[in-house]
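Counting from 1, the numbers follow the sequence of the chain as shown.
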Amino acid sequence: MEYLDTTGRIFDVQRYSIHDGPGIRTIVFLKGCVLRCQWCCNPESQEYKIQTMKTPDGVKTMGRDVTVREMIELVEKDRPYYYRSGGGMTLSGGECLCQPEFARDLLRAAKERGINTAIESMACVPWKNIEMVLPYLDTYLMDIKHTNQEKHKQFTGKPNGLALENARRVALSGQTNLVIRVPVVPTFNDSVEEIKSIASFASTLPGVKKIHLLPYHRLGQDKYDWLGREYKLPEILPPEPEHMELLKKAVHSVCDLDCQIGG
């Protein structure tokens, strides 16, 4: 049981969530990310180092080190909700696979206790990091943000070749339920043609049945001020519901994946 002593760094835990996986979830947010998405709603997640954030309620420390044992004891407290709703634990971030050993061991602890598991991940990491967690993973919620390498790099800091390659490898493995998620961001990927391109790619992945369109929001914008950083998209507004419906129709025009708005 030494794996229960594996240490990781988190910055938040959200209980009773109805997003990021089936049923009622406990979401554990891990520190560290390889991307710098201009719309990121968790900028405090990007750096692995522990930070301070000056909020209107006072200075908050963002990041703390925990063990798998400590976290799984917290996750288990909500087992009755998981049982009734089909929920479980989701690892998010940041990019949770930047801490692959901690992610693997926390997922393993959940599975050994009969708790459903999911991760929210961009897959811009070495394949070995993904391969480590697949045996303990029920659902992989994978962001595919764009199919164009240069535009992806312009808005996130890195090209998307590795993510697309890893998406195919996860699908071919058949080890987990792969769900494709698209953060819909105006000026970045909210045109009909861009969404069609992503949907067409997703439809080629073996076993993939669902694609989620996630409307851009500005809920994390204040955090940039609190961290002393500049928010890169101050003029961008969330897409209108009518436009999201148009994009949903665009998905259905090129594939038969189950498309939903939100997730």
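Leu213 and Met122 fall into different hydrophobic clusters, where Ile, Leu, Val, Met, Phe, Trp and Tyr residues are linked whenever their side-chain heavy atoms come under 4.5 Å apart, directly or through other members. Ile119 and Val170 fall within the same hydrophobic cluster, defined by Ile, Leu, Val, Met, Phe, Trp and Tyr side-chain heavy atoms under 4.5 Å apart, directly or through other members. Under the 4.5 Å side-chain heavy-atom criterion for grouping Ile, Leu, Val, Met, Phe, Trp and Tyr, Leu106 is connected to Tyr82 within one hydrophobic cluster. Hydrophobic clustering of Ile, Leu, Val, Met, Phe, Trp and Tyr side chains at less than 4.5 Å, counting indirect connections, unites Leu97 with Tyr3. Taken together through direct or relayed side-chain contacts under 4.5 Å among Ile, Leu, Val, Met, Phe, Trp and Tyr, Leu74 and Tyr136 form part of one hydrophobic cluster.
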| query | Going through the checks in order, is the salt bridge (charged side-chain N to carboxylate O under 4.0 Å, His left out) test met by Asp20 and Arg181? | reply | CA-CA 10 Å; Asp20 300 319; Arg181 307 209 305 178; 3.0 Å; yes

| Check against side-chain contact (heavy atoms from CB on, under 4.5 Å), Val13 and Met71 | CA-CA 9 Å; Val13 178; Met71 293 313 303; 3.6 Å; yes

| said: Assess the residue pair Glu95 and Cys124 against the criterion (side-chain contact (heavy atoms from CB on, under 4.5 Å)); give the C-alpha distance rounded to whole Å, side-chain angles, the decisive distance to 0.1 Å, and a yes or no. | reply: CA-CA 9 Å; Glu95 169 55 72; Cys124 290; 5.8 Å; no

| request: Step by step, work out the side-chain contact (heavy atoms from CB on, under 4.5 Å) result for His212 and Val179. | output: CA-CA 8 Å; His212 297 169; Val179 177; 3.7 Å; yes

| task | Dump the intermediate steps for salt bridge (charged side-chain N to carboxylate O under 4.0 Å, His left out) on Glu112 and Arg108, then the final yes or no. | result | CA-CA 6 Å; Glu112 290 184 353; Arg108 174 184 170 184; 2.9 Å; yes

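Within the 4.5 Å cutoff, the side chain of Glu150 has no heavy atoms near those of the Pro159 side chain. In this structure the side chain of Thr67 never reaches within 4.5 angstrom of the side chain of Leu4, judged on heavy atoms. Using a 4.5 Å cut-off on side-chain heavy atoms (C-beta onward), Ile211 and Val251 make contact. Side chains of Ile115 and Glu76 form a contact here, defined as non-hydrogen atoms less than 4.5 Å apart. Within the 4.5 Å cutoff, side-chain heavy atoms of Lys145 are placed close to those of Trp39. Side-chain atoms of Tyr140 and Ser121, non-hydrogen and from C-beta on, do get closer than 4.5 Å to each other. Looking at heavy atoms from C-beta onward, Arg218 lies in side-chain contact with Leu237 at the 4.5 angstrom threshold. Residues Gln154 and Phe188 have side chains not in contact (no heavy-atom distance under 4.5 Å, counting atoms from C-beta outward).
To the nearest 0.5 Å, atoms NZ (Lys153) and CD (Gln149) are separated by 9.5 Å. The distance from atom OG of Ser92 to atom CG of Leu30, rounded to the nearest 0.5 Å, is 8.5 Å. Atom CE of Met89 is separated from atom CD1 of Ile27 by 11.5 Å, given to the nearest 0.5 angstrom. Distance check, rounded to the nearest 0.5 Å: CD1 of Ile10 to CD of Gln99 gives 9.5 Å. The OG1 atom of Thr7 lies 10.0 Å from the CG atom of Asp105; values are rounded to the nearest 0.5 Å. Here the CG-CG distance, from Leu214 to Leu141, works out to 9.0 Å after rounding to the nearest 0.5 Å.
A donor-acceptor contact shorter than 3.5 Å links the side chain of Lys31 to the backbone of Glu47. With Lys111 contributing its side chain and Thr117 its backbone, the two residues share no donor-acceptor pair below 3.5 Å. When atom types are taken as modelled, the side chain of Thr55 and the backbone of Asp57 share a donor-acceptor pair closer than 3.5 angstrom. The main-chain N or O of Asp190 is found under 3.5 Å from a side-chain atom of His243 such that the two form a donor-acceptor pair. Using a distance-only test at 3.5 Å, with no hydrogens or angles considered, no donor-acceptor pair links the side chain of Glu120 to the main chain of Met142. Distance alone, capped at 3.5 Å, places no donor-acceptor pair between the Ser197 side chain and the Glu193 backbone. A donor-acceptor contact shorter than 3.5 Å links the side chain of Asn166 to the backbone of Val125. With His152 contributing its side chain and Lys158 its backbone, the two residues share a donor-acceptor pair below 3.5 Å. Between the side chain of Thr156 and the main chain of Cys37, no donor-acceptor pair closer than 3.5 Å is present.
Ring orientation note: the planes of Tyr231 and Tyr224 are nearly perpendicular, at an angle over 60° on the 30°/60° scale. Ring pair Tyr16/Tyr81 is perpendicular by interplanar angle, where above 60° counts as perpendicular and below 30° as parallel.
Taking each heavy atom of Leu257 and Ser203 in turn, the nearest pair found is CD1-N, 3.9 Å. For the residue pair Cys98 and Cys33, the shortest heavy atom distance occurs at SG-CA, 3.9 Å. Pairing each heavy atom of Ala250 with each of Lys196, the nearest pair is O-CG, 3.7 Å. Annotation for Pro215 and Met244: closest pair CG-CE, 3.8 Å, computed over non-hydrogen atoms. The two residues Asn148 and His146 make their nearest non-hydrogen contact at N-ND1, 3.0 Å. For Thr139 against Leu137, the heavy-atom pair with the smallest separation is O-CD1, 3.3 Å.
Side chains of Lys248 and Gln260: no donor on one and acceptor on the other come within 3.5 Å. A donor and an acceptor atom, one from each side chain of Thr61 and Thr52, are nowhere located under 3.5 Å apart. Arg25 and Thr90 share a side-chain donor-acceptor pair at under 3.5 Å. Arg69 and Thr6 form no side-chain donor-acceptor contact under 3.5 Å, judged by distance and modelled atom types alone.
Using a cutoff of 4.0 Å between basic side-chain nitrogens and carboxylate oxygens, Glu73 and Arg113 are not scored as salt-bridged. Looking at Lys54 and Asp225, no side-chain N of the basic residue comes within less than 4.0 Å of a carboxylate O on the acidic one, giving no salt bridge. Salt bridge Lys60/Glu44: absent, no basic N to carboxylate O contact under 4.0 Å. Using a 4.0 Å cut-off between a side-chain N of Lys or Arg and a carboxylate O of Asp or Glu, Arg15 and Asp78 qualify as a salt bridge. Ion pair Glu194/Lys151 flagged as a salt bridge, since at least one NZ, NE, NH1 or NH2 atom sits closer than 4.0 Å to an Asp/Glu carboxylate oxygen. Between Arg9 and Asp65 a salt bridge is recorded (basic side-chain N to carboxylate O distance below 4.0 Å). A salt bridge does not link Arg104 to Glu131: none of the charged nitrogens lies less than 4.0 Å from a carboxylate oxygen.
Partner of Phe201 under the side chain to side chain contact (heavy atoms under 4.5 Å, CB included) criterion, chosen from Ile180, Leu164, Val254: Leu164. Each of Ile195, Asn189, Val182 was scored for a side chain to side chain contact (heavy atoms under 4.5 Å, CB included) with Leu247, with one residue passing: Ile195.
A cation-pi arrangement is absent between Arg64 and Phe11 under the rule of less than 6.0 angstrom and at most 45 degrees off the ring axis.
Summarising the local packing, CD1 of Ile18 is surrounded by 12 or fewer heavy atoms from other residues, nucleotides or ligands at distances under 6.0 Å. Heavy-atom contacts from other residues, nucleotides or ligands closer than 6.0 Å to NE2 of His19 number 12 or fewer.
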